[in-house]
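The block underneath contains the structure these notes are about, expressed in structure tokens.
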Number of protein chains: 2
Amino acid sequence: MDKKKNTEAEILKAAKKIFIEHGFAGARMQAIADEAKINKAMLHYYYRSKKMLFEKIMEGAVDLMSKQFINALSGTAPVMDKLKILINNYTDTINHNPHIPIFILNEMARNQLYFQTKMQQRLEQNNVFQDFLLQIAEEQEQGILRPIPVPQFVLTVMSLIIFPHIAKPVFLKIFTLEDDIYTQMMEERKEHIYNVLESALRL
Amino acid sequence: MDKKKNTEAEILKAAKKIFIEHGFAGARMQAIADEAKINKAMLHYYYRSKKMLFEKIMEGAVDLMSKQFINALSGTAPVMDKLKILINNYTDTINHNPHIPIFILNEMARNQLYFQTKMQQRLEQNNVFQDFLLQIAEEQEQGILRPIPVPQFVLTVMSLIIFPHIAKPVFLKIFTLEDDIYTQMMEERKEHIYNVLESALRL
DNA sequence: CAAAAGTTTAACCGAATGGTTAATTTTATT
DNA sequence: AATAAAATTAACCATTCGGTTAAACTTTTG
């Protein structure tokens, strides 16, 4: 029982690394087995197929990102306060899991049918996000926030937070920076993003 | 000679579609041949290997994106004017080639060594981008633009323009929109982005 | 402790994949 | 028209890949 849990977890850990690093198509079952230091047959023993193992990993990745939403956007605090928490949560989480955003968005773009339903389920289970959209509209009516279409509002927020991590390889070269300096830049960026949002979205 | 050029171009067209749709690892040479309605051996006859064909496609994609930069950022116009052109150029180009951003950024994240040199070559060949960075610093000193670190400035601009196209599949579901409506949203977004940048970056 | 159940491994399998070859067809040259 | 060169194809090849199997090993159970 002890050994079972151990192997199972070891597989997940290895699969997470390989899938996120290479994507579904680029990942090799043998590479996952090597990474976990076990026999390839174990992968199928515990998770049946590459697809099923992948779905477990993707589910975890989506969960991690969703959590940040729920954590930051729940409650009755003003929109701008929630956004500040969202910026901090996301930046920290992505700094600790730098490849997750491109992983999710890439697989999503290439395999629309599957995730969208999973994602939608998660959103429908929890109405935090829908409530937040309503809250934005309310604060716009109250004259607290500028009357910008809500989808544009959300796109702007998420763009500023997530894109820099996706474009990291490009920017590292363009500005000839080192990896750890970029992470630090992302830390400083928290405040910058908040300032941009405040001047652009607040009235 | 006529037929040769034709086949060669047909292969590129098919390869562009398949590679951009599935990525390098997910693309199949047979799928490219089928798409081009030719024998698979022709792919190797004209482009030797999958890798070499892929590099041709990637080069074209990077070229297309670089062009928009050069086109928008050259000359002596004020930074904000150039940004307006950049927003329009990029939005139009991506609307016509929706999968290119995620394609480039994804392959870049997974295969750092190769592109970064190609990209850097392109940047060093042309000093438009470096000049633009200097221009931002100048206008900041002149009190035209807010004194924001230039890398943050650039990240903010590119985030607002590119990310919404990458996250399109997610947002289509979240806001339950149709494909063409999203394209229209991106059209309207041009102005929104400019407004955000103006209020956030301009003094 | 012995049987049963669960775990792990080595060897194997069929299909798919990138790539090659040799022969055929088409085009260009004289 | 005859010949050389280029383009195209069908068949094939070696390797890789996801997945399976049967046997060995380990742990649990009665």
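Below, chain A is the first sequence line, B the second, and so on; all start at residue 1. What you see is a predicted model; the values in this text were computed from it and never measured.
Across every non-hydrogen atom of A:V79 and A:E139, the tightest pair is N-OE2, 3.0 Å.
Nucleic acid contact for A:M42: base, since at least one base atom lies under 4.0 Å from a heavy atom of the residue. B:A27 comes within 4.0 angstrom of the backbone, heavy atoms only, and of no base.
With C:dG18, C:dA10, D:dT8 as the candidates, the nucleotide lying closest to the side chain of B:Y45 is D:dT8. Side-chain proximity of A:A41 to D:dT21, C:dT8, C:dG19: nearest is D:dT21. Of the candidate nucleotides C:dT8, C:dG18, D:dT9, C:dT8 has the atom lying nearest to any side-chain atom of A:Y46. Considering only side-chain atoms of B:H44, the nucleotide from D:dA7, D:dG18, C:dG18 that sits closest is C:dG18. Candidate nucleotides C:dT7, C:dG19, D:dG19 were compared by shortest atom distance to the side chain of B:K50, and C:dG19 ranks first. Comparing atom distances between the B:I38 side chain and each of D:dT8, D:dT9, D:dG19 picks out D:dT9 as nearest.
If you take CG of B:L53 and P of C:dT17, they are 16 Å apart, rounded to a whole angstrom. Counting to the nearest Å, the C1' atom of C:dA16 and the CE atom of A:M29 are 16 Å from each other. In this entry the distance linking CG of A:D34 with P of D:dC17 reads 11 Å, nearest Å. Taking atom CZ on A:F54 and atom P on D:dC17, their separation rounds to 18 Å, with Å as the unit. Put simply, CD1 on A:I32 is 8 Å from P on D:dG18, counting in whole angstrom units. Atom NZ of A:K37 is separated from atom P of C:dT8 by 16 Å (rounded to the nearest Å). Here the P atom of nucleotide D:dT8 and the CD atom of B:E10 are 11 Å apart, to the nearest Å. Rounded to whole Å, the distance from CG on A:N39 to C1' on D:dA23 is 13 Å.
Between A:D179 and A:K168 there is a salt bridge, with a side-chain nitrogen of the basic residue lying less than 4.0 Å from a carboxylate oxygen of the acidic one. Ionic pairing of B:K190 and B:D92 is present here: one or more N-O contacts between side-chain nitrogen and carboxylate oxygen are shorter than 4.0 angstrom.
Checking the phosphate oxygens (OP1, OP2) of D:dG18, a side-chain nitrogen or oxygen of A:R28 falls inside 4.0 Å. The phosphate of D:dT8 (OP1 or OP2) has a side-chain N or O of B:T7 nearer than 4.0 angstrom.
A centroid separation of 6.0 Å or more is found between the aromatic rings of B:F132 and B:F69.
With a 6.0 Å cutoff to the six-membered ring centre and a 45° limit on the axis angle, B:K50 counts as a cation-pi contact of B:F24.
Side-chain to base pairing of A:K40 with D:dG18: one donor and one acceptor N or O lie within less than 3.5 Å of each other.
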